[in-house]
Amino acid sequence: MSRPARFDRGHTDDLLTYLAASPSPYHAVANAAERLEKAGFRKVEETDAWDGTTGGKYVLRGGALIAWFVPEGAEPHTPFRIVGAHTDSPNLRVKPLPDTGAAGWRQVAVELYGGTLLNTWLDRDLGLAGRITLRDGRDVLVNIDRPLLRVPQLAIHLDRSANDGLKLDRQKHMQPIWGLGDDVQEGDLIAFVAEEAGVDARDVAGWDLMPHPVEAPAYLGRDRELVAGPRMDNLLSVHAGAAALAAAAATGELPHIPVLAAFDHEENGSQSDTGADGPLLGSVLERSVHARGGSPEDRARALAGTICLSSDTGHAVHPNYPERHDPTHHPRANGGPILKVNVNMRYATDGSGRAVFAEACEKAGVPFQNFVSNNAMPCGTTIGPITAARHGIKTVDIGVAILSMHSARELCGADDPFLLANALTAFLEN
């Protein structure tokens with residue numbers, strides 16, 4: 001039996017706000033944490049001893065967030081219901097020695113992060129965001145959200161073959177400009193960022209900075225039935241997961257412990273202390289069991305009954321390239337979330353996992369679609385198989401179908417974000 005929908009277009013409105021305010025993974029988790037705190041969650045430090053009290057709690061580590069809600073009456077062996085997602089997106093990242101330039105132009109040296117669709121970063125007005133680390137160990141978030149940088153494309157007069165196949169050298173052609181001058185001074189960029197952040201440049205010991213498009217997310221189309229914006233892969237899922245966790249926690253009585261696991265570094269393999277292939281999730285789940293008086297046996301019982309929905313964006317059928325998609329599986333915008341299947345386990349979904357997701361969608365009154373890759377095309381992957389293999393828990397890969405994945409600006413249906421949030425809420429409540 002379906003239940004009344006928790007979320008509607010107001011959820012999508014808030015998604016646009018969240019995307020604009022989250023130009024880096026560090027901002028993404030801070031903003032998600034703020035939403036959870038308004039729902040009564042409290043931050044716990046990894047270095048503190050944890051107690052077994054009920055209620056909502058969360059851990060922040062770099063660009064990752066793990067949040068969970070312990071309901072009244074939870075036993076040490078109570079299983080978890082996990083929504084997994086990731087906070088990072090393919091982009092440009094500032095190098096350790098960022099000050100460079102040529103031919104009278106001042107530039108910023110950048111490295112390419114993840115599977116960036118390079119041409120989409122050309123001739124865009126870019127801001128600069130991320131975090132700086134001070135000598136006392138504190139991290140300070142920075143968001144210079146105005147036109148500051150630009151990666152200029154070569155004029156067609158100087159490359160008449162550009163429209164026949166643009167070729168970009170990753171080292172030479174992707175360095176943005178940010179001013180004029182022949183005298184490049186080491187430390188200029190960080191001094192500027194420190195001033196913007198209101199700190200002394202001499203106190204800055206490290207940084208994790210990245211350019212971002214400053215064009216705001218927006219509704220698109222005659223009837224505003226689409227949404228265009230940056231970093232939907234995969235902040236769309238992080239936002240939906242935080243909303244679903246807060247909604248599930250508000251019900252109070254739950255037969256399991258709902259969890260949001262938002263990892264960093266999915267786009268480059270998840271192998272970090274804040275990635276899905278790191279120890280963070282396992283440590284949080286284990287400590288949660290032990291805080292409630294549990295033993296290793298209780299932990300094993302809890303994980304044996306745990307299910308994870310790995311939520312990440314997938315491919316909607318492209319109207320200009322339909323031959324690139326499986327001929328019988330054509331996910332469409334505003335058709336509801338997609339269930340991702342790959343028998344070679346690039347996605348973790350199996351038949352029993354499909355049943356779990358189908359039940360959640362039915363209870364939420366949400367339609368869902370099926371996605372498989374064209375056999376002639378390589379299939380991407382997600383945190384799903386990593387989560388399943390690392391923790392031994394049933395995992396199902398799902399998401400929202402979008403166009404222009406890994407572009408500086410992506411496109412989805414305006415209804416799909418709240419349809420996903422409703423399905424995730426039903427899954428966490430069950």
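Every heavy atom of this structure was used, including side-chain atoms; hydrogens, water molecules and symmetry mates were not.
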Within the distance-only criterion (no hydrogens, no angle test), does the side chain of R390 pair as donor or acceptor with the backbone N or O of A276 below 3.5 angstrom?
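No; judged by distance alone, with no hydrogens or angles, the pair does not exist.
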
Could you note down all residue pairs passing ring-ring contact (aromatic ring centres under 6.0 Å, His included) where residues 202-230 supplies at least one of them, sequence neighbours left out?
none

Is any side-chain heavy atom of C412 less than 4.5 Å from a side-chain heavy atom of L236?
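Yes - at least one pair of side-chain heavy atoms lies under 4.5 Å apart.
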
Heavy-atom distance under 4.5 Å between the side chains of V227 and P417, does that happen here?
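Of all side-chain heavy-atom pairs linking P417 with V227, none is under 4.5 Å.
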
Take Y18 and H239, measure what ring pair (Phe, Tyr, Trp, His ring centres under 6.0 Å) needs, and give me the verdict at the end.
CA-CA 7 Å; Y18 178 72; H239 178 259; 5.3 Å; yes

Is there a donor-acceptor contact under 3.5 Å linking the side chains of [X] and [Y]?
X: N430; Y: K363; value: yes
X: D139; Y: T133; value: yes
X: H173; Y: Q153; value: no
X: H11; Y: N422; value: no

Looking at Q271, I'd like to know if its CD atom is crowded, meaning that more than 12 non-hydrogen atoms belonging to other residues, nucleotides or ligands lie closer than 6.0 Å.
no

Is W105 atom CH2 crowded by more than 12 heavy atoms from other residues, nucleotides or ligands, each under 6.0 Å away?
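Atom CH2 in W105 is not crowded, with 12 or fewer foreign heavy atoms closer than 6.0 Å.
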
For the pair H325 and H330, name the ring-plane relationship: parallel under 30°, tilted 30 to 60°, perpendicular over 60°.
perpendicular

Can E362 and F368 be said to form a side chain to side chain contact (heavy atoms under 4.5 Å, CB included), step by step?
CA-CA 9 Å; E362 181 180 0; F368 75 92; over 6 Å; no

dist R81:CZ -> L260:CG (nearest 0.5 Å) comes out at 15.5 Å

Using a strict 4.0 Å threshold on nitrogen-to-oxygen distance, state whether [X] and [Y] make a salt bridge.
X: R9; Y: D415; result: yes
X: R42; Y: E37; result: no
X: D125; Y: R146; result: no
X: R131; Y: D208; result: yes

Would F41 and W68 satisfy ring pair (Phe, Tyr, Trp, His ring centres under 6.0 Å), going step by step from the backbone distance to the final call?
CA-CA 9 Å; F41 284 68; W68 66 103; 8.7 Å; no

R231 vs D88, test: salt bridge (Lys or Arg N to Asp or Glu O under 4.0 Å). Steps then yes/no.
CA-CA 8 Å; R231 301 177 294 280; D88 59 319; over 6 Å; no

Passes side chain to side chain contact (heavy atoms under 4.5 Å, CB included), T87 versus Y26? Steps please.
CA-CA 8 Å; T87 62; Y26 316 109; over 6 Å; no

Picking from S89, P25, P23, what satisfies side-chain contact (heavy atoms from CB on, under 4.5 Å) with M210?
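Looking at S89, P25, P23, the match for M210 under the side-chain contact (heavy atoms from CB on, under 4.5 Å) is P25.
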
side-chain contact (heavy atoms from CB on, under 4.5 Å) test vs R61 passes for just one of V284, I66, V29, L280, namely L280

For a side chain to side chain contact (heavy atoms under 4.5 Å, CB included) check, start with the C-alpha distance between I144 and V193, then their side-chain angles and the critical distance, and finish with the verdict.
CA-CA 8 Å; I144 306 171; V193 171; 4.3 Å; yes

